[in-house]
2 protein chains.
Amino acid sequence: MASTQDIRQEFVQLWGTMGSFWGVSPTTARVYGWLLSQSEPQTAEQCVEGLGLSRGAVSMACRELRDWGLAQVERVEGSRQQAYRPETDLEKAIRNIVAMRKRREWDPILEHLREWLPQLERDRSPDAQVFRERLQQIEGLIGLADSMAESFLKGGLVQKLGLKLLVAKASAARGPRKKR
Amino acid sequence: MASTQDIRQEFVQLWGTMGSFWGVSPTTARVYGWLLSQSEPQTAEQCVEGLGLSRGAVSMACRELRDWGLAQVERVEGSRQQAYRPETDLEKAIRNIVAMRKRREWDPILEHLREWLPQLERDRSPDAQVFRERLQQIEGLIGLADSMAESFLKGGLVQKLGLKLLVAKASAARGPRKKR
DNA sequence: CCGAAGTTTCAATAATTATTGAACGTTTCA
DNA sequence: TGAAACGTTCAATAATTATTGAAACTTCGG
C-alpha cells in the first residue's frame, strides 16, 4: 500500500505534466506541486533533495513561480536561507495564470486580427471575402473569450457560476439516477 | 502594404503558434489555419505548396485534424485526390477540442486524486493532514472545471453566458466613455 | 493483374526546449 | 576585510518533440 511519501512523489510527478497546460516547464510545475504538498515553506535545499533537481533548476523554477505570483520568498529564522511559501488559494493562482497568459498570448492575437481585417477589405475577390469572414468569426470568438477572462479576473466568476453549476449538477443527480 | 497573400501567410504562422494552446503540433495547427483561410477545400498537394511542408507532414496533420473533428476529407471530382474541408463552426471546433482534452488530461487527474485521498486518511500526522486538505481543494476545483466543461459541451454555454457578457460589455462602453 | 496516381507510415534527423553545473554575485558576521 | 554560506546566471548538454522523405501500401482504370 502506498505511503504518504509515495503519494507525494506521484502527485508531484503528475502535477509536473500539467505544466504545459498553464505555460511553464515541467520542473517549475513540479516545484509548485512539491511546495503545495508540504505543510511548511521549503528551502531551495529541501526542494533539491525532495525532487532530485539541480540547485540551478530549483532557483529558476522558484523565480518563475514568483513571477507568476505562485510563491513568495521568506527568510528562515536564524539562517541565511530563504524558504518558498506557495500560494494556496487556488482560485487566486488560476487568476494569476489567466491574467499572464491573456496578456502574453491572446492580446497580441487580437491586435493582429484587428490590424488585418481592414486591410482585407480592399481586396474584393470572393476568395478574400471568405477569408475575411473567417477572420471576423475568429475575432468575435477570441474577443468573447477575452471578455469572459476579464470578468473572471475582476470578480469571482467561479463563485457565481460555479455554485450555480454545482447546484444544477446536484439536483440532476438527485432526480434521474445515473444510468448503468 | 500587405497583400491578401501576405496576410494569409502571417495568419497561418500565428495560428500555428497557438497549437500548444490546444494540444497539437504547430504544423497541425498551421494546416488548420491554411484550410480556414481558403474558400475551397484544399488537396494535400495544395497544402504542401502553400505551407512549404513535406507530403508526410501534411498527411499526418490532416489525420490529426480528422481525429479532432476539425476537418473532413472529400473526394475531388474526376480525380483520385482527396480534399480537406475544415470545420468552420468555431464553437463546434472548440467543443471538440475541449471534449478531447478533458477526456485525455483532466479525467485521469481526477481519477488519481480520488484514488489518493482515501489512502491519505490513514496517515494521521499533521503533515499528511495538510497535504490531504490541499489535494481536496484541488479535487474540488478540477471537479468544478469539469462540471463547467460538461455544461459547455452539452449546451451552448457560449451563447447563454457570452451574450450576457457582450451585453454587459456594450452597456459599459456606452456609459462611461473609454479613458485616455 | 498491371502500373500510375495518390496516400500513409515510421525510422532517421532536425529543431526546439529543458536541465545542469561551474563560475560569478551577494550577504552576513567574526 | 575576508571567507563561509547561500543564491543566481547562462553557456553547454541532454531530453524531448516535430519533421522529413523514402519505402510500403491502396485504389482504380484498362
Side chain of A:Q81 (C-beta onward), nearest among C:dT7, C:dT20, D:dC6: D:dC6
Distance test, side-chain N/O of B:S59 to OP1/OP2 of C:dT9, below 4.0 Å: no
Touch class at under 4.0 angstrom, heavy-atom based, for A:R30 against every strand present: sugar-phosphate
A:R80 side-chain proximity, nearest of D:dT20, C:dT28, C:dG6: C:dT28
Given C:dT7, D:dT20, D:dG7, the nucleotide with the shortest approach to the side chain of B:Q82: C:dT7
A:L53 CG to D:dG7 C1', straight-line distance once rounded to whole Å: 16 Å
Nearest-Å distance for atom pair CZ/C1', residues A:R75 and C:dC29: 13 Å
Nearest-angstrom distance from the residue atom CZ of A:R55 to P of D:dC10: 17 Å
Among C:dT9, D:dT8, D:dG7, the one nearest B:R63 by side-chain distance: C:dT9
Nearest-nucleotide pick for B:S54, side chain only, options being C:dT8, C:dG6, D:dG21: D:dG21
A:Q42 CD - D:dG7 C1' separation (whole Å): 17 Å
Side chain of B:A57 - closest among C:dT8, D:dT19, C:dT20: D:dT19
Atom-pair distance (CD on B:E64; P on C:dT8), nearest Å: 14 Å
Heavy atoms of other groups near B:E105 CD, more than 12 under 6.0 Å: yes
Pairs involving residues 65-84 of chain A, ordered by first then second residue, that meet salt bridge (Lys or Arg N to Asp or Glu O under 4.0 Å) (sequence neighbours left out): A:E74-A:R85
Selection from D:dC10, C:dG6, C:dG21 that lies nearest to any side-chain heavy atom of A:M60: D:dC10
Heavy atoms from other residues, nucleotides or ligands near CD of B:E40 exceed 12 (cutoff 6.0 Å): no
Touch class at under 4.0 angstrom, heavy-atom based, for B:T27 against every strand present: sugar-phosphate
Whether A:F21 and B:W106 hold their rings parallel, tilted or perpendicular, with breakpoints at 30° and 60°: perpendicular
Side-chain (B:R30) to main-chain (B:G16) donor-acceptor, under 3.5 angstrom: no
Nearest to side-chain heavy atoms of B:P26, which nucleotide of D:dA18, C:dA18, D:dT8: D:dA18
